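Just so you know, ligand 1 is whichever comes first in the structure, and atom 1 is the first atom listed for that ligand. Every value quoted in this text rests on a predicted model; they were computed, and no experiment measured them. Position 1 is the first residue of the sequence; numbering continues from there.
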Amino acid sequence: MSNRLKVTPNDLSAFWMPFTANRQFKQAPRMFVSAKDMHYTTSDGRKVLDGTAGLWCVNAGHCRPKITEAIQSQAAELDYAPAFQMGHPIVFELANRLVDIAPKGMDHVFFTNSGSESVETALKMAIAYHRVKGEGSRTRLIGRERGYHGVNFGGISVGGIVTNRKMFGTLLGGVDHLPHTHLPEKNAFSKGVPEHGAELANELERLVTLHDASTIAAVIVEPVAGSTGVILPPKGYLQKLREICTKHGILLIFDEVITGFGRLGAPFAADYFGVTPDIMTTAKGVSNGVIPMGAVFVKKEIHDAFMTGPEHMIEFFHGYTYSGNPIACAAALGTLDTYKDEGLLTRGEELAPYWEDALHSLKGEPHVIDIRNIGLIGAIELAPIAGSPTKRAFSAFVKAFERGALIRTTGDIIALSPPLIITKGQINELIDLVREVLRSID
Ligand code: PXG
Ligand code: PLP
């Protein structure tokens with residue numbers, strides 16, 4: 001008999017929850033038991049509007065038929081095939097489909113299972129690329145303050161969120177950071193990309209002078225920083241970073257784990273900003289969050305640099321047991337079909353002005369000190385309660401959940417990023433609910 005039956009079904013103690021206040025959660029659990037399109041259903045039978053696409057990943061909405069069916073039929077046909085030295089057809093099909101929608105020149109895809117793994121993959125690729133090109137001294141990595149690049153050692157090393165770093169020792173050596181671009185004193189309540197701060201990209205020149213270009217492998221940034229509370233690139237900033245990287249032979253990595261797959265109203269942030277990186281990390285929206293998957297897009301020159309040496313030799317000593325897992329690939333193909341059928345990779349462009357107006361209508365509500373938006377992303381920054389940072393936003397999160405909407409908070413910032421299928425009526429509903437919540441909290 002299954003051991004499972006001996007477990008008390010509602011004993012919450014065994015599961016150590018990720019990025020969660022475990023003790024608090026377990027005293028008053030918030031549980032979802034099902035989901036459809038724009039809504040979750042809670043364990044007490046309430047409908048909750050998904051204002052965050054899960055964790056920025058369910059871009060096509062929940063339990064979409066093409067995705068569900070693709071997974072079901074793939075599971076019954078080929079459940080797993082070894083990822084190393086063996087293949088299966090749909091992983092190749094998926095790679096081609098992804099390259100078709102990728103920014104021009106990003107012709108190759110390496111599969112992972114998460115954003116964190118995509119980041120590790122990209123960083124290793126960058127260092128190895130310079131080595132295969134005969135520039136083995138280029139090992140230094142440059143991230144940015146307040147950057148989030150997942151939770152593995154490479155990612156937290158280039159990342160810039162202190163709580164994610166300070167507990168974990170010395171991290172990777174040879175890492176430096178650009179300053180973040182959050183300038184509330186100049187840019188508060190900007191609509192879309194802010195005017196001020198492009199010159200912060202010149203800090204890269206300072207780091208090049210400090211370390212010498214010959215030691216620097218790559219710069220990694222989120223085109224729009226998500227996890228840290230939605231920080232936008234000032235007008236012209238990403239273009240400048242691109243120019244400086246190109247000038248010094250430094251690879252530019254865009255971490256598009258959140259911005260990829262339609263979040264800004266274009267397929268990728270690279271398209272939105274007209275700036276093409278050398279490597280682009282993705283996850284989340286690639287499979288609608290339904291089955292774990294990540295994809296690292298790479299320029300042809302980088303891929304081709306590895307394709308030398310004896311043909312029987314492995315070119316890149318890196319990969320995961322589940323790289324290109326067949327069921328994850330099926331989920332991703334079902335996702336791409338859904339995006340295509342419904343125009344979701346560009347739907348955000350039409351909705352963005354409506355979203356922007358709705359969001360900025362919260363200016364003047366209690367506690368609001370800044371509002372930021374781009375594509376279908378929004379952030380409402382609240383003044384912290386003196387001496388208790390994060391408490392105000394967290395009570396907004398709990399209140400919103402009780403009233404029927406899922407929002408996300410980080411620090412004292414409310415972040416919103418609904419599925420790309422949201423209607424105008426649901427945008428109003430979400431924003432009105434947030435308004436009521438702001439009026440109801442201390
Ligand atoms: N890079 C970026 C830019 C991300 O946003 C990761 C890497 C890591 O992905 P994985 O799949 O390993 O989690 C992310 C993930 C939030 C939130 O609420 C953001 C993320 C994950 C969970 C919550 O802001 N970003
Ligand atoms: N740890 C052990 C003992 C393993 O055998 C493997 C893979 O074979 C891994 C970790 C890595 O696992 P994955 O490929 O799922 O990342």
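Residue Ile258 has at least one heavy-atom neighbour below 4.0 Å for each of these atoms of ligand 1: 5 (O). Residue Ser114 has at least one heavy-atom neighbour below 4.0 Å for each of these atoms of ligand 1: 11 (O), 12 (O). Those atoms of ligand 1 that come under 4.0 Å of a heavy atom in Glu222, given as number and element, are 3 (C).
In this structure, Glu145 places its CD atom where more than 12 heavy-atom neighbours from other residues, nucleotides or ligands lie under 6.0 Å away. The environment of CZ in Phe189 is crowded: more than 12 heavy-atom neighbours from other residues, nucleotides or ligands sit within 6.0 Å. The local environment of NZ in Lys36 is crowded, with over 12 non-hydrogen atoms from other residues, nucleotides or ligands closer than 6.0 Å.
Considering only non-hydrogen protein atoms, atom 19 (C) of ligand 1 sits nearest to Ser227 OG, 3.4 Å. At the top of the distance list for atom 10 (P) of ligand 1, counting protein heavy atoms only, stands Gly115 N, 3.5 Å. Of the protein's non-hydrogen atoms, the one nearest atom 16 (C) of ligand 1 is Trp56 NE1, 3.0 Å. In terms of protein heavy atoms, atom 18 (O) of ligand 1 is closest to Arg408 NE, 2.1 Å. Among all protein heavy atoms, the one lying closest to atom 20 (C) of ligand 1 is Lys284 NZ, 3.1 Å.
The aromatic rings of His318 and Tyr320 sit perpendicular to each other, their planes meeting at more than 60°, with 30° as the lower class boundary.
The ring of His62 has its center closer than 6.0 angstrom to the ring center of Tyr40. The aromatic ring centroids of Phe297 and Phe110 lie 6.0 Å or more from each other.
At a heavy-atom distance under 4.0 Å, atoms from both the backbone and the side chain of Ser116 approach ligand 1.
Assignment of Asp255 to the shell around ligand 1 is supported, since a heavy atom sits closer than 4.0 Å. For the ligand labelled ligand 1, residue Glu117 lies outside the 4.0 Å heavy-atom shell.
Here His108 contributes atom NE2 and Ile279 contributes atom CD1; the two are 12.5 Å apart, rounded to the nearest 0.5 Å.
In this structure, Arg46 is positioned above the aromatic face of Phe401, its NZ or CZ under 6.0 Å from the six-membered ring centre and within 45° of the axis.
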